Amino acid sequence: LIRMDIDHLIVGGVRTINLSRIALARMMVMDSDMARRGKLARPRVLVASNGSVIARYHSNAQFRADVKNADLVDADGMPLVIASRLLCRKPLVERIATTDFIHDAASAAAEAAVRFYFLGGRAGVARRAADALTGKHPGLQVVGVRHGYFSSSEEDEICTDILARKTDVLWIGMGSPSQEALAIRFREKLPGVAWIRTCGGLFDHVSGAVPRAGQWMQAMGLEWLHRTL
């Protein structure tokens with residue numbers, strides 16, 4: 001199920017990065033600087049893994065190809081962390097839940113002037129999420145927002161807008177497997193962008209529309225149960 005690799009674990013067949021949230025936020029800042037200086041040929045695509053992702057990875061060939069084509073996969077699932085603690089001498093450092101990581105990323109971005117763009121959710125949700133984050137992290141720049149209901153014929157127009165706003169990190173919250181496929185398609189269309197980060201229902205959580213599980217449920221790996229209920 002799990003075997004060690006340099007800076008990674010293979011969890012459920014998915015090569016999963018072994019970094020802390022703070023270290024990942026620092027990488028975001030460094031990659032943004034590299035992209036601005038033309039040292040990053042194309043954006044890095046970052047996706048998350050959890051039980052649902054692993055199940056789809058083994059049952060859906062196209063999704064498996066998209067995940068394999070991503071540059072980094074992190075562990076957004078406490079059961080993955082618990083499994084690594086039981087079965088590995090060097091387990092995953094911690095869970096990188098996107099709803100937690102966004103605050104590490106926003107804090108680092110505010111300090112380093114890294115520019116975010118939010119794509120996804122229903123009309124108005126990404127804007128409310130942006131307002132909530134900029135209120136909590138003074139200096140954070142969310143330079144663009146757009147809802148996630150668009151056709152494939154609008155993708156080039158969206159990419160043009162992302163580039164025009166000098167985006168460093170594009171957050172795509174459209175649900176899996178659509179967001180992973182879109183991230184891979186966008187990668188070649190967004191030179192100069194540092195990261196394309198898939199984020200599921202992040203905008204709903206950050207905007208306050210959907211509450212998270214209590215801290216005790218998160219620590220026990222039961223957030224999936226909260227979402228199911």
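Computed from a predicted structure; not experimentally measured. Scope of the values below: all heavy atoms of this structure, side chains included, with no hydrogens, waters or symmetry mates.
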S.K.: Under a single-linkage rule joining Ile, Leu, Val, Met, Phe, Trp and Tyr whose side-chain heavy atoms are separated by less than 4.5 Å, which residues share a cluster with M34?
M.R.: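 Members other than M34 - counting any ILVMFWY side chain reachable under 4.5 Å - are L40.
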S.K.: Please evaluate residues V142 and T134 with respect to the criterion side-chain contact (heavy atoms from CB on, under 4.5 Å), reporting the C-alpha separation (whole Å), side-chain torsions for both, the decisive distance (0.1 Å), and the verdict.
M.R.: CA-CA 8 Å; V142 181; T134 53; 3.9 Å; yes
S.K.: F150 versus E155: any side-chain heavy-atom pair under 4.5 Å?
M.R.: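 Yes, close enough: below the 4.5 Å cut-off.
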S.K.: Sequence neighbours excluded, which residues qualify as ring pair (Phe, Tyr, Trp, His ring centres under 6.0 Å) partners of H58?
M.R.: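 With neighbours one apart ignored, the set is empty.
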S.K.: Taking the six-membered ring of F63 (Phe, Tyr or Trp), confirm whether the NZ or CZ of R56 is under 6.0 Å from its centre and within 45° of its axis.
M.R.: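 Output yes; distance and angle both within limits.
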S.K.: Going by the rule side chain to side chain donor-acceptor pair (under 3.5 Å), which residues pair with E180 if we only count those two or more places apart in sequence or in a different chain?
M.R.: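 Scan of E180 (side chain to side chain donor-acceptor pair (under 3.5 Å), adjacent residues dropped) gives S176.
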S.K.: Are any of the side-chain heavy atoms of F186 and L119 separated by less than 4.5 Å?
M.R.: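 When only atoms from C-beta onward are counted, L119 and F186 do touch, with a gap below 4.5 Å.
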S.K.: Under the rule for side chain to side chain donor-acceptor pair (under 3.5 Å), what residues qualify as partners of E94, not counting sequence neighbours?
M.R.: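 Once residues adjacent in sequence are excluded, E94 has no partner under the side chain to side chain donor-acceptor pair (under 3.5 Å) criterion.
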S.K.: Measuring only between side-chain heavy atoms, which start at C-beta, is L163 closer than 4.5 Å to V193?
M.R.: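 Yes, side chains in contact.
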S.K.: Is it true that, when you exclude R26 itself, more than 12 heavy atoms of the residues, nucleotides or ligands shown sit nearer than 6.0 Å to its CZ?
M.R.: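 Count not over threshold, so no.
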S.K.: Do V14 and L86 share a hydrophobic cluster (ILVMFWY, side-chain heavy atoms under 4.5 Å, transitive)?
M.R.: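 Both belong to a single hydrophobic cluster.
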S.K.: Counting distance only, does the side-chain N/O of S178 pair as donor-acceptor with the main-chain N or O of M174 below 3.5 Å?
M.R.: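 Checked: no pair found.
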S.K.: Determine whether D161 and R146 satisfy the following criterion, salt bridge (Lys or Arg N to Asp or Glu O under 4.0 Å), listing intermediate values before the conclusion.
M.R.: CA-CA 10 Å; D161 186 56; R146 196 191 194 286; over 6 Å; no
S.K.: Scan side-chain atoms only and decide if D168 and Y117 contain a donor-acceptor pair under the 3.5 Å cut-off.
M.R.: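 Judged by distance alone, the side chains do not pair up.
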S.K.: Evaluate the side-chain proximity of R15 to V73: yes if any heavy-atom separation is below 4.5 Å, no if none is.
M.R.: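 No; the side chains remain at least 4.5 Å from each other.
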S.K.: Run the ring pair (Phe, Tyr, Trp, His ring centres under 6.0 Å) test against F116 and tell me which residues pass, sequence neighbours left out.
M.R.: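 F116 satisfies ring pair (Phe, Tyr, Trp, His ring centres under 6.0 Å) with W171 only.
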S.K.: Using a strict threshold of under 4.0 Å (side-chain N to carboxylate O), is an ion pair present between D33 and K39?
M.R.: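 No.
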S.K.: Could you tell me whether the side chain of C199 reaches within less than 4.5 Å of the side chain of I102, counting heavy atoms only?
M.R.: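 I102 vs C199: side chains apart.
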S.K.: Would a 4.5 Å heavy-atom cut-off, applied to side chains only, mark M27 and L72 as touching?
M.R.: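 In short, these two side chains touch, coming nearer than 4.5 Å.
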S.K.: Can you tell if the side chain of K68 reaches within under 4.5 Å of the side chain of Y57, non-hydrogen atoms only?
M.R.: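 Heavy-atom side-chain distance check passes, below 4.5 Å.
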S.K.: Within a strict 4.5 Å, meaning less than it, do heavy atoms of the T16 and H8 side chains meet?
M.R.: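 No - every pair of side-chain heavy atoms lies 4.5 Å or more apart.
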S.K.: List for me each residue that meets ring pair (Phe, Tyr, Trp, His ring centres under 6.0 Å) alongside H137, sequence neighbours excluded, and say none if there are none.
M.R.: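 By the ring pair (Phe, Tyr, Trp, His ring centres under 6.0 Å) rule, H137 matches H103.
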